[in-house]
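Comments concern the structure below.
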Amino acid sequence: MALDSVLAHHLASSLGASAQDQTRLRDAFVQHYAGIWRFLRRLGVVPDRVDDAAQQVFVVAIEALPRIVPGCERAFLYGTAVRVAHGVRRRGTREVAGLDSELGSSPLPSPDELADQKRARELLDQLLEHVEGDARAVFVLFEIEGFTVPEIAELLEIPLGTAASRLRRSREQFQALVGSLTRPLQGNRP
Amino acid sequence: MISSRPLRKTGTDLERMLLSAGAAERPDPGSVRRAAKVLGILPRAALVAATLGIALRATRWKSVVAWSSVSLVGIAGVALVAHLSPPAARQTAPIAAVQSPIQAATPPIVPVLEAPAAPIEPSGARIAAASTAGPARILARRAAGTPADSLREQAAALDGARELLASGQPNAALARLDEYDHRFAGGPLHEESQLLRIEALAREGDRGAAAPLARRFLKAYPASVHVDRVLAILQSMTP
């Protein structure tokens with residue numbers, strides 16, 4: 001179903017939602033919209049699609065609100081965001097097939113450049129592109145969004161051991177990638 | 001055994017710098033406002049500030065239940081469905097009270113289908129517009145005499161001004177906007193009326209009035225969905 005149809009349907013649902021659910025939606029929005037938006041970016045949703053994707057996450061939440069256990073809104077939203085990001089990226093991949101991020105050709109920015117948060121985020125996202133799909137979400141949830149491993153296991157509906165192993169694997173990948181960026185510079189030092 | 005402490009605290013300098021930069025990113029206020037509108041949450045400045053964790057003076061906002069879709073911003077017609085707060089509660093100060101508060105307690109809302117309206121100009125509210133595109137739009141209808149009716153009336157008045165503008169009658173459009181401002185001063189569609197006024201003045205060639213008004217608009221509503229349009233008008237008037 002097209003996003004506009006989905007939105008129209010869910011908006012109609014939200015308009016008829018109870019005052020309690022509307023308050024929950026508002027609270028969840030205030031508390032988590034920025035985090036969901038950022039999470040989607042770190043999962044590789046491109047800037048011109050991230051607004052739509054973040055809205056989609058909350059639209060899904062609107063319909064599910066009556067079924068979401070109070071206090072579990074955050075977990076629901078982030079779990080939904082993983083699926084939404086997957087869908088958005090899959091569509092994006094089809095549209096930009098063949099366009100690969102060339103990490104190897106991207107020189108390490110100078111410290112001054114890295115001081116620029118935007119450049120640092122671009123580099124971070126380039127690195128995260130090279131972290132395996134399933135492990136990437138675990139990595140971002142733990143390292144950036146501050147979830148614990150048990151929380152991640154719950155929201156991704158995976159065993160605790162799987163969450164821990166994905167975190168370990170993603171950390172190794174991330175550290176290796178960062179290391180590969182710094183080694184050539186260290187090697188060039190007199 | 002995996003460390004339970006994040007790399008953001010225990011990693012190398014570069015690792016910490018990268019991860020901290022990633023954690024510090026926030027959506028811009030415009031993103032928050034658009035999402036709030038789509039989700040039926042009134043995008044007042046205080047809500048945007050709270051969502052972004054920004055301290056804001058005089059943050060005073062109420063529970064929200066409705067979503068207004070305004071034809072002027074590309075949504076064709078009005079789908080506002082809640083009680084507006086009393087006129088005394090309306091704010092005319094810029095930014096912090098762009099729209100009238102909408103109170104939480106509402107009777108049941110009945111979505112109805114209506115035929116599509118005439119084509120409308122594109123706007124920045126992509127999702128909001130998309131959500132009402134297609135062969136039929138879902139609008140919420142209430143009993144006559146409610147504040148929602150007042151809003152429909154306001155939207156109709158602005159639609160009239162827009163049609164005059166589209167038909168090459170900026171002068172008549174300005175007269176209609178004067179009438180609108182007189183009747184609905186400080187109303188929830190103030191941004192839209194201002195945008196129309198800027199357009200009308202620009203089309204009339206009154207750069208001396210249009211440009212300052214456009215600049216005031218940008219200053220008062222930096223996160224408005226109309227910012228791009230106002231900037232384009234300003235640019236078109238630049239010699």
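For the numbers below, each heavy atom of this structure counts, side chains included, while hydrogens, waters and symmetry mates do not. Letters go in sequence order (proteins before strands), and every chain restarts at 1.
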Looking at residues at least two apart in the chain, or sitting in another chain, which of them share a ring-ring contact (aromatic ring centres under 6.0 Å, His included) with A:Tyr78?
A:Phe39, A:Phe147

Do you know the tightest heavy-atom contact between [X] and [Y]?
X	Y	answer
B:Arg26	A:Ala34	CD-CB, 4.0 Å
B:Glu15	A:Phe174	CG-CE2, 4.0 Å
A:Phe29	B:Val32	CZ-O, 3.6 Å
B:Ser31	A:Tyr33	OG-OH, 2.8 Å
A:Glu143	B:Leu7	OE1-N, 2.5 Å

To the nearest 0.5 Å, how far apart are CZ in A:Phe142 and CG in B:Leu19?
11.0 Å

Mind checking the CE-CG spacing from B:Met17 to A:Leu124? Nearest 0.5 Å is all I need.
12.5 Å

Tell me which of these, A:Ile144, A:Val140, A:Val50, has more heavy-atom pairs under 4.5 Å with chain B than the rest.
A:Ile144

Test side-chain contact (heavy atoms from CB on, under 4.5 Å), reference B:Leu18, set A:Leu128, A:Leu177, A:Leu123, output is A:Leu123

Let me know if A:Arg121 has heavy atoms under 4.5 Å from chain B in its side chain, its backbone, both or neither.
both

Does any N or O in the side chain of B:Glu25 come within less than 3.5 Å of the main-chain N or O of A:Arg38, such that one atom is a donor and the other an acceptor?
no

Expected output: side-chain A:Arg42 to main-chain B:Gly22 donor-acceptor under 3.5 Å:
yes

side-chain contact (heavy atoms from CB on, under 4.5 Å) filter on A:Ala53, not counting sequence neighbours, yields A:Leu40, A:Val45, A:Val84, A:Val88

Does atom CD (A:Glu151) have a neighbourhood of more than 12 heavy atoms from anything else shown, all under 6.0 Å?
yes

